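Only this structure's heavy atoms are used, side chains among them; waters, hydrogens and symmetry mates stay out. Residue numbers begin at 1 in each chain, while the letters A, B, ... track the order of the sequences. Bear in mind that the values here come from a model prediction, so they are computed numbers and not experimental data.
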There are 2 protein chains.
Amino acid sequence: MDKSTKKRATITQVAKHAGVSVGTVSNYLNGTAGVSHDRAARIQQAIDVLDYIPDTLASSLRRKDSTAIHVLTPHLDSAFYTNTISTLMHDAYEAGYTVHISGYEYSSEIERQQLRALESSKPGTSIIIFNGFDDLTEIKRLAKKQIHVIMADRREIPGYTSSVIFDNRRVPFEIICLLKNRNYKRIGLFTEPTKLQNIRERVEGFLEAMKYFGYPDPEKNIYSRPDLSLDKLKNSYLYMMEILESSKREELPDAWLATSDYLAFGMMRAINEKGYSIPEDFAIVGYDNIEISGYVNPRLTTVEQDQKLFGRTLWSVITEYNKTGKYQSIELPQKIKMRGSC
Amino acid sequence: MDKSTKKRATITQVAKHAGVSVGTVSNYLNGTAGVSHDRAARIQQAIDVLDYIPDTLASSLRRKDSTAIHVLTPHLDSAFYTNTISTLMHDAYEAGYTVHISGYEYSSEIERQQLRALESSKPGTSIIIFNGFDDLTEIKRLAKKQIHVIMADRREIPGYTSSVIFDNRRVPFEIICLLKNRNYKRIGLFTEPTKLQNIRERVEGFLEAMKYFGYPDPEKNIYSRPDLSLDKLKNSYLYMMEILESSKREELPDAWLATSDYLAFGMMRAINEKGYSIPEDFAIVGYDNIEISGYVNPRLTTVEQDQKLFGRTLWSVITEYNKTGKYQSIELPQKIKMRGSC
DNA sequence: TTGAAAGCGATACCAA
DNA sequence: TTGGTATCGCTTTCAA
């Protein structure tokens, strides 16, 4: 379009303009070695005149260390992930790291493909994988290439990766205990498919707890459908409508646990539309405590997984590894956040 | 850790192993030129044996075209952005493009810094900037370097960028008309700071429309606070609580427009907690129609900005430019989504 | 401190 | 089709 469009200036041109060698310019730029005062001035001037900006691509091709962080999430649409990533990014940017995000849409195929693409990362790169499927071969390959893999919300592979997870085991007992004290007769579990480890743990935890507190045959009260991973709001709403239409209230659980806040929102809408009230007719407990959960009506009682803490912990695991080369596995607590829906 | 950890194989090693030249391997990999059957087989075998994976960094250093898309958003925590980006990513990945996302946290300083970092992108790279501040110098610099900048939800800089925006002008008239027909006496505008163009347009649009329909002094009913950009839910809730506590209901607007759904949620919580009901005491209209808006109680009446359409349109602008080198400016419609809050 | 020169891992061109 | 080689923009020895 524009005749005046010039190609980007290179370090060579800067050197020429300043009358020094490229090595000196490089030293000046990176502080690798001292540069005399007058040369420094000439170089800086050349940079300004030529409007020079270093090519990060070429730079990191030659450089050995990597300040890139790649984040892989099941899906970008979930506030639980984006909030966590937001805090991580904040810390990372301040330290001069670059953060790249992608989503694999709950597809093991896309996950594998993305993981393979990341194999060409430099040693020292950090890769955060949220949840993820059971096939560990790709992850191990990555680890063998000296790439630091951090399992987020998922247990580490000992000797291969770091991890930051939430303790999914304790809270179910507290919740069931609470529900029992409030005299709820039947407890339903509303859950997405258990292909991901964290969901599996939650389901197992609840089943154990229900048995422990004397609820018979808890497995019979599991409500799940394959389409509940994606489009959680819509699909949980539709599913709950079906449930409410095909059964009488007395036959249904009077308290429900959902394995995600989004699932809970879908259920709540269905319950409202059918003219029931929460928590009088049905009590609801969610999972994650995304921010919006405190703003719906009634406000959602849920299991808090502190996303700011999560993000900061991930960052600390990364910096620690970059300093010492050691993997870390950290377990974060979950808390019950009591609000109006139960 | 592991003694067996080898350095990554390079194209040279593959060539050596297969007994061909690097050029031929490159041709085989990229289909740049035909490769004879037996050599192809030998190369593929070498690749398998050596576990070779091309270095994308080195590749794009040398290559002229770029398949990278960078997305810059005000903040990652807003579903409006993430939903749009999700659809874009879906299309982009299928075409072999890589998508990189970052957020500037509603800070013009961080925005500038990120934009500068992107200056080292190759010509042909696409950069999508959502909203953004008024300083156009960085963007123009980018454009001069043959980088394709797409202004998202913001008007193009003619001759410099493409753009995809929503028509913020028509819908306010429809809404005010509707409100007037329903006999609302006073209309309040609840808005974040107008530093971003889209918000400014919405505010101006509403003011015009209110005047047009005979509401006197609409400026007097603007409720805004600087902290409403960040932490929208919390801050709008706190602000609305203050408003409700410091005035009698009769003195306040009986219908409210919010410039974002998140703002509306915060208001709704405050209204509920003060014992008022929606829409009887106060009617609420939001903006964006993020998915959750259809699931709160009451369901939020809002201005739909179709995020799937938005994402797909952005993608089409990118592919079109890469084919023809032409900038495009596309305007998308907004629609009123009638639900229960008004 | 400084400059010259040797790579990093790939692609692109040219001659064969 | 092939192979050889210059090159992309930068960092990193190494000798001066």
Are [X] and [N] close enough that a side-chain N or O sits under 4.0 Å from OP1 or OP2?
{"X": "B:Ser26", "N": "C:dA10", "value": "no"}
{"X": "B:Ser21", "N": "D:dT2", "value": "no"}
{"X": "B:Thr24", "N": "D:dT2", "value": "no"}
{"X": "B:Arg39", "N": "D:dT2", "value": "yes"}

Using a heavy-atom cut-off of 4.0 Å across all strands, would you classify A:Ser36 as base, sugar-phosphate, or nothing?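 Touches sugar-phosphate only.
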At under 4.0 Å between heavy atoms, what does B:Tyr28 touch on the DNA or RNA strands: base, sugar-phosphate, or nothing?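 The residue B:Tyr28 makes no contact with any strand.
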On DNA chain C, does the nearest nucleotide to B:Leu29 precede the nearest nucleotide to A:Val22 from the 5' side, or the other way round? Give the residue.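 Nearest nucleotide further toward 5': that of A:Val22.
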How long is the line joining [atom1] of [X] and [atom2] of [N], in whole Å?
{"X": "A:Ile11", "N": "D:dC8", "atom1": "CD1", "atom2": "C1'", "answer": "13 Å"}
{"X": "A:Leu57", "N": "D:dC10", "atom1": "CG", "atom2": "C1'", "answer": "11 Å"}
{"X": "A:Lys16", "N": "C:dG3", "atom1": "NZ", "atom2": "P", "answer": "14 Å"}
{"X": "B:Asn30", "N": "C:dG9", "atom1": "CG", "atom2": "P", "answer": "17 Å"}
{"X": "B:Ile43", "N": "D:dT2", "atom1": "CD1", "atom2": "P", "answer": "8 Å"}
{"X": "A:His17", "N": "D:dG9", "atom1": "NE2", "atom2": "C1'", "answer": "19 Å"}
{"X": "A:Asp55", "N": "C:dC8", "atom1": "CG", "atom2": "P", "answer": "18 Å"}
{"X": "A:Asn27", "N": "C:dA4", "atom1": "CG", "atom2": "P", "answer": "14 Å"}

Between A:Thr313 (side chain) and A:Leu309 (backbone), is there a donor-acceptor pair under 3.5 Å? yes
Would a line drawn from the ring center of B:Tyr327 to the ring center of B:Tyr160 be shorter than 6.0 Å? no
Both B:Val20 and B:Leu61 contact DNA chain D. Which one's nearest nucleotide lies toward the 5' end?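 Between the two, 5'-proximity favours B:Val20.
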Residue closer to the 5' end of DNA chain D, A:Ile53 versus B:Gly23 (nearest nucleotide): B:Gly23
Is there a donor and acceptor pair closer than 3.5 Å between the side chain of A:Arg62 and the base of C:dG7?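 Flag set: donor-acceptor pair detected.
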Lys/Arg-Asp/Glu bridge criterion (N-O < 4.0 Å) met for A:Asp51, B:Arg141: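 Looking at B:Arg141 together with A:Asp51, the answer is yes, because their closest N to O distance falls below 4.0 Å.
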Within the 3.5 Å criterion, strictly below it, is a donor on B:Ser162 or B:His148 matched to an acceptor on the partner's side chain?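 Yes - a donor-acceptor pair under 3.5 Å links their side chains.
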Would you say the side chains of A:Gln44 and A:Tyr28 form a donor-acceptor pair under 3.5 Å? yes
